Amino acid sequence: MNFSKSLIQWYLLNKRDLPWRNTTDPYLIWLSEIMLQQTRVAQGLPYFLRFTEAFPTVFDLAEAEEEQVLKLWQGLGYYSRARNLHQTAQKIASDYQGQFPQSYSELLQLKGIGDYTAAAIASFAYNESVPVVDGNVYRVLARYFEVETDIASSDAKKEFTALARELLPKGEANVFNQAIMEFGAMQCVPKNPDCNHCIFNDSCAALQKKKVAALPVKSKKNKVKDRWFHYVIFADEQHHTLVQKRSAKGIWHNLYEFPLIETTASEPEADVEKRIVQQKLVPNAIQSVHRDATASTLHKLSHQHLHIDFWKVRVKGTLKGGTDWESVKKLPFPVVIFNFIEKERY
DNA sequence: AATGCGGGGAG
DNA sequence: CTCCCAGCATT
C-alpha cells in the first residue's frame with residue numbers, strides 16, 4: 001500500500017476524538033485552527049470548549065467586546081490571534097451574513113488566516129483539495145522522504161507544499177490532511193519517536209539511514225532580549241488600584257497591566273524605589289513603598305526574558321481612575337501578572 | 001528574508 | 001537547559 005493510503009488507514013484506527021473533528025461547521029473549525037496555531041492540542045482544548053460555550057456562533061463572537069474575547073484568550077498567548085479572530089468574526093457577520101467563504105483563496109484574504117489555516121478550513125469543512133503544511137507535515141515528509149531542506153528557509157514551504165500536494169489523494173483532502181498531522185503529533189514526534197512500532201518502519205528513508213533524529217533540518221536560533229519590568233501596585237484608602245491598557249506595539253497589545261517602570265538593566269532596589277517616587281506616577285502623597293520579594297519572577301517568552309518585580313505603594317486619599325480589586329480580576333492580563341493578582345489578598 | 005509575537009510541556 | 005507546538009503579520 002502506498003504512503004497516503006497507509007497514513008489514512010493508520011489515522012482511522014488511531015485518531016483522537018477531538019470536538020472540532022465531529023463537525024464540518026467552518027466556524028468551529030476556524031476557531032480551533034486559530035487556537036491551535038503554535039499551540040498544543042492539550043493547551044488549546046479547554047479554551048476551545050470555553051469559547052464555543054460563550055460564543056456558539058460567529059454572530060455571538062462578532063457582538064462581543066474585544067476585552068471579553070481577550071479575557072477568554074488569557075493565558076493562550078499570541079494575543080494578535082484573538083484580536084484578529086474578533087475582527088474577522090465581525091467581517092463574516094457583516095459582509096458575509098455569517099457564512100464563511102467556501103474556498104481556500106477567499107479564506108486566505110481574512111485577517112489571521114494564512115496558507116496553513118486557509119488550507120485546513122477549506123479541506124476540513126469543504127473537502128477542497130489543498131494540502132496543509134504545518135510543523136507536523138514538515139517533520140513527517142522530511143523523514144519519510146529524507147528531505148534535507150532547511151524548513152526555516154523560504155523555499156522549504158514551496159517544496160514541502162508541492163510534495164504534500166502530490167501525495168493528496170483525489171477527493172480525500174479532509175481525511176488525508178487530518179491524518180498526516182495526527183501522525184506527526186502522535187507517532188512521528190520530534191523527540192525519540194517509537195520507530196519500532198511505526199507502520200512505516202520498512203519504508204521510512206530517515207529510519208533506514210539512521211537520520212530520524214537529524215530530520216527535519218531547522219536552522220533557526222533566536223536571540224533572547226532581557227527586559228526589566230517594575231510593576232507598581234498602588235493601593236489607596238479605598239483599597240483601589242491603578243491599571244492601564246497596553247496600547248503600544250509589542251507584547252501583550254491591548255491587555256492590561258499595572259503602571260510600569262521599565263529599565264534596560266537590573267538596578268539596585270534603592271534606585272528603583274527612587275524612580276517610583278520621583279516619577280510622580282500619581283498626584284497622591286506616597287505613604288510607603290516596598291518590593292514584594294516573594295512575587296519577583298523571571299517570565300520567559302520565546303524572544304524575551306522578562307525580569308519582573310512587583311512594588312506595592314500605599315497612597316493617601318483616592319486614586320484618580322482607581323479600580324477595586326474584584327473588577328481588576330475581570331480584565332484580561334498577561335498570565336504572569338494575573339498569577340500575581342490571584343495570589344494577592346486585599 | 002527576517003523578525004516579533006506566549007505560554008507551556010516534553011525530554 | 002533546549003526544542004517546538006494544527007503560524008501569521010509586518011518590515
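Side chains included, hydrogens not; waters and symmetry mates left out as well; all remaining heavy atoms used. Residue numbers begin at 1 in each chain, while the letters A, B, ... track the order of the sequences. All figures in this text were calculated on a predicted structure; none of them were measured in a lab.
Between the side chain of A/Ser302 and the base of B/dG6 there is at least one donor-acceptor pair of N/O atoms closer than 3.5 Å.
Among B/dG7, C/dG7, C/dC4, the nucleotide with an atom closest to any side-chain atom of A/Gln38 is C/dG7. Candidate nucleotides C/dG7, C/dC5, B/dT3 were compared by shortest atom distance to the side chain of A/Lys223, and B/dT3 ranks first.
Scored by the salt bridge (charged side-chain N to carboxylate O under 4.0 Å, His left out) test, A/Asp115 finds A/Lys157 as partners (sequence neighbours excluded).
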Quick one: which protein N/O atoms are closer than 3.5 Å to N/O atoms of nucleotides 9-11 of chain C? Pair and distance per line, please.
| from | atom 1 | to | atom 2 | distance (Å) |
| --- | --- | --- | --- | --- |
| C/dA9 | OP1 | A/Gly112 | N | 2.5 |
| C/dT10 | OP1 | A/Lys111 | NZ | 3.2 |

Could I get a table of every N or O pair under 3.5 Å where one atom is in the protein and the other is in nucleotides 9-11 of chain B?
| from | atom 1 | to | atom 2 | distance (Å) |
| --- | --- | --- | --- | --- |
| B/dG11 | O3' | A/Asn192 | ND2 | 2.9 |

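Judged by distance alone, the side chains of A/Tyr116 and A/Gln37 never bring a donor and an acceptor atom under 3.5 Å apart. Remark: the A/Arg81 side chain and the A/Thr39 side chain contain an N/O donor-acceptor pair separated by less than 3.5 Å. Side-chain contact annotation: A/Lys71 with A/Gln68, donor-acceptor N/O pair under 3.5 Å absent. For the residue pair A/Asp226/A/His307, the side-chain donor-acceptor check at 3.5 Å is satisfied. A/Thr23 and A/Asp25 are not linked by any side-chain donor-acceptor pair at a separation below 3.5 angstrom, with hydrogens and angles left out of the test. For the residue pair A/Glu257 and A/Tyr231, a side-chain donor N or O sits within less than 3.5 Å of a side-chain acceptor on the partner.
Computed from coordinates, the A/Glu182 CD to C/dC5 P distance equals 14 Å when rounded to whole Å. B/dT3 atom P lies 18 Å from atom CG of A/Leu301, rounded to whole Å.
Residues A/Arg83 and A/Trp73 have side chains not in contact (no heavy-atom distance under 4.5 Å, counting atoms from C-beta outward). The side-chain heavy atoms of A/Trp20 and A/Leu28, taken from C-beta on, include no pair separated by under 4.5 Å.
Contacts of A/Trp73 with the nucleic acid, taken as non-hydrogen atoms under 4.0 Å apart, are absent. Among the protein residues, A/Gly250 comes within range of the sugar-phosphate backbone only, with heavy atoms under 4.0 Å from sugar or phosphate atoms but none that close to a base. A/Arg21 comes within 4.0 angstrom of a nucleotide base, judged by non-hydrogen atoms across all strands.
Within the structure, the salt bridge (charged side-chain N to carboxylate O under 4.0 Å, His left out) test picks out the following pairs touching residues 93-112 of chain A (sequence neighbours left out): A/Lys91-A/Asp95. Contacts classified as ring pair (Phe, Tyr, Trp, His ring centres under 6.0 Å) and involving residues 171-201 of chain A (residues at least two apart or in different chains) are given here: A/Phe3-A/Phe200, A/Trp10-A/Phe183, A/Tyr144-A/Phe200, A/Phe183-A/Phe200.
The separation of B/dG6 from C/dC3, taken at their C1' atoms, amounts to 15 Å, rounded to a whole angstrom. Nucleotides B/dG4 and C/dA6 place their P atoms 24 Å apart, quoted to the nearest Å.
Across residues 153-174 of chain A, not one residue has a non-hydrogen atom less than 4.0 Å from an atom of DNA chain C.
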